Amino acid sequence: MTWNSTTYSGWGRALKAKGEIARPERQGALEACLSDGLLPACGMRRSYGDAALNDGGRLIDMTRLDRMLGFDPETGILEVEAGARIGDIAAAFAPRGWLPAVMPGTGLATVGGCIAQDVHGKNHHHIGSFCQHVVALRLRQAKGTVAVSPDKTPDLFRATAGGLGQTGIILSARIRLIPCKGDVMVVTERRIEDWDQHLALLDASTATYTVGWIDATATGAALGRGILEEGETGAGLVPKRVSTRRVPLDAPAFALSGPVVRAFNAAYYRRVPARGRTVVKPIADFFFPLDKIHDWNRLYGKRGFHQFQCVVPLAAAPALRQMLESVAASGLASPLAVLKRMGPGRAGFLSFPMEGYTLAVDFPNRDEARALIARLQAMTAAAGGRIYFAKDSLARGTDAAAMYPELADWRAQVAKADPGRRLATDMVRRLNLRSEA
Amino acid sequence: MSDTWIILGATSSMARAFARKAAASGAAVLLAGRDQPDIAILAEDCRLRGARLAEALPFDARAPEGFAPLIDRLTREEGRLNAAVFVGSMPPQSAIDADPALIDGTVTDSFTGPARFLQLFAPLVEARAGGTVVGVGSVAGDRGRIGNYVYGSAKAGFHTYLSGLRNRLTRAGGHVVTVKPGFVDTSMTWGLPGMFLVASPEAVADDIWKAVTKRKNVIYTPFFWRFIMLIIRHIPEFIFKKMKI
Ligand SMILES: Cc1cc2nc3c(=O)[nH]c(=O)nc-3n(C[C@H](O)[C@H](O)[C@H](O)COP(=O)(O)OP(=O)(O)OC[C@H]3O[C@@H](n4cnc5c(N)ncnc54)[C@H](O)[C@@H]3O)c2cc1C
């Protein structure tokens, strides 16, 4: 059957949609799905909230249009269908010395999803965002397919990069791969004792890939403690294969309760010896640590969870510290919390990155957590920062408008690209992104 | 040893996943099916994943005059020749009840077409004293059910054919793997009600690839279908005939 009538959600499982989804396996089949008009597309629905949901309507799942279309070893430019997953590309090319320039924290994200959220990786401070390495792409709009590139159609490109799929269905893209030494990572892990040291080490890090795990339950003098991971690609060493495991059931509520998380975090922190250590890992273990556990979102039980992610300017670091204090004091955070330094690189009107620090924390979907996230969003806005559409499921329209100063430019392009307003998704409606509210 | 795989029905998602496994092993892959532009895309994908050579070729189970050129193309490759058959068609039983002529096409796609191709292919295995045939059947072929007994009987015929072919090729050092998938997440099952324990095409391809390397004879994939079908096959007919499963 072409249309699967189903109830579905984003990765956080807190917001749900009901509707029909088609998953074409060939380009011809995609065209047949669009015979009644254009429809919004989704990738692997690794966005946490409702970016890839269309309640009451139809949606095109692009994940089976996932083929590599061509590679030029002179330039490192790879052409792929939009449904190809970042981890698959990395696995196929790393042994030959190439990696996607930018890789998000899950290898299951598709190229289409990475473009539509202009995602960032652990090397953002050096290399910028995903779409800064997109050389060209093909968009299916109401009237047919158009070619888009940063130099020939700069405005449409900037509306598409991080543009939540509102300018058309991304069919394929030409993305730049970067040379790597091989398919293993040499990773240095160090304990970080507190907030000030955390920022200082992130600022001073010269590694190609840098990320800080943060214990969002630690308070007082230990506030901001964590582990700094710095990675470089390497070759010649053969690490053991990773086997994936699956979370078979929705976990009961106590699984991620305050005491459990605090105990887990303390152990996780001590896992790295006080003097630090260097380990060799398969690249997937470093870049996509959570992909080893299939369906890990079920650990949060059937109510699902939220991720709060913000970025604030460098000078607003004290405000970020206050946010972390609220998080730590609440005792609601899960073990998954990350602090990174971001560079200025961004490619679209609605791209998330700005030069500064980004904090991401997961919370179970409970009243107290939603109230806390609302406070954190307000603090972000006050600090001149912004929240990330790939993670959000709670913000309101007014929040977004204040945080994304180029929203008007985006709207103007989107109005031209999709005059029939066929591509709107639940997120676009919730945040009122397309209308001048 | 340089291997060549001809993959029939290459546009199916199971075939795509299997072709990628073969490609990653460095084999040459000849991808055969009806939608040439789509198969050409897969061929490039396989090249980029490490295939020594990847080519799109036309194959239509209902047009046996096209089989000999494929065999000719295969003989131009040196080394071991292997074939994997992913073709088949499953019109709804209700459509067949309304138009019995659909039976011919179903049987041709799922059984006699591939069998005629494999009759031409078998001598290549014998001549080169090695090579594997993978035939994808179905759990539906293990017992006739009200819901899809024409498709099921075509696959049952194919299973029996593969068992005979195995008997023949074993003597020449060749091998035949019969694959019986349960529910697989393909365009054929997308949106069908009543699906459970659905496997990804990649998981099925992994199982098939392992079966090829270990020279397994008959595999169920995912493995637990062996037990499900064991039970279903042992239900006495006087009970089974009244069941609706
Ligand atoms: C464990 C985990 C770690 C993560 N780590 C990071 C990280 O480090 N950095 C980061 O930036 N993000 C990160 N993310 C977020 C993730 O990278 C993004 O949400 C990404 O967009 C997911 O890709 P997807 O294929 O699942 O897209 P989806 O979530 O399915 O879709 C995302 C958006 O893209 C649109 N879209 C998808 N495909 C197309 C297409 N072909 N044409 C048009 N529009 C399309 C959808 O409409 C939607 O608006 C993480 C997510 C998880 C679950």
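Note that these values count all heavy atoms, side chains included, but never hydrogens, waters or copies made by symmetry. We name chains A, B, ... by the order of the sequence lines, and we start the count at 1 in each one. Not measured: the values here are computed from a predicted model.
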Query raised in the report: Do you know which two heavy atoms are closest between B/W190 and A/W3, and how far apart they sit?
Result: NE1-C, 4.4 Å
Query - B/E202 and A/D88, any side-chain heavy atoms less than 4.5 Å apart - result: no
Query raised in the report: Do A/R67 and B/R20 touch side chain to side chain, with heavy atoms closer than 4.5 Å?
Result: yes
Query raised in the report: For B/R116, does the CZ atom have more than 12 heavy-atom neighbours from other residues, nucleotides or ligands under 6.0 Å away?
Result: no
Query raised in the report: Is there a donor-acceptor contact under 3.5 Å from the side chain of A/R64 to the main chain of B/S187?
Result: no
**Report entry** Shortest non-hydrogen contact from A/G70 toward B/E44
**Finding:** CA-OE2, 3.9 Å
Query raised in the report: When only heavy atoms count and the cut-off is under 4.5 Å, which of residues 32-43 of chain B reach chain A?
Result: B/D35, B/D38, B/I41, B/L42
Query raised in the report: Between A/G28, A/A22, A/P24, which residue shows the highest count of heavy-atom pairs closer than 4.5 Å to chain B?
Result: A/A22
Query raised in the report: Of all heavy-atom pairs between B/R49 and A/A92, which one has the smallest distance, and what is that distance?
Result: CG-CB, 4.5 Å
Query raised in the report: Would you find more than 12 non-hydrogen atoms of other residues, nucleotides or ligands less than 6.0 Å from A/K16 atom NZ?
Result: yes
**Report entry** B/I146 CD1: over 12 foreign heavy atoms closer than 6.0 Å
**Finding:** no
Report task. Counting only heavy atoms closer than 4.5 Å, note whether A/T2 contacts chain B via side chain, backbone, both or neither. Result -> backbone
Report task. Compare all side-chain heavy atoms of B/D45 with those of A/E81 and state whether any distance is below 4.5 angstrom. Result -> no
Query raised in the report: Which bit of A/I21 is near chain B, if near means a heavy-atom gap under 4.5 Å: side chain, backbone, both or neither?
Result: both
Requested in this report: Return the minimal non-hydrogen interatomic distance between A/R26 and B/T11, and the atom names on each side.
Outcome: NH2-OG1, 3.5 Å
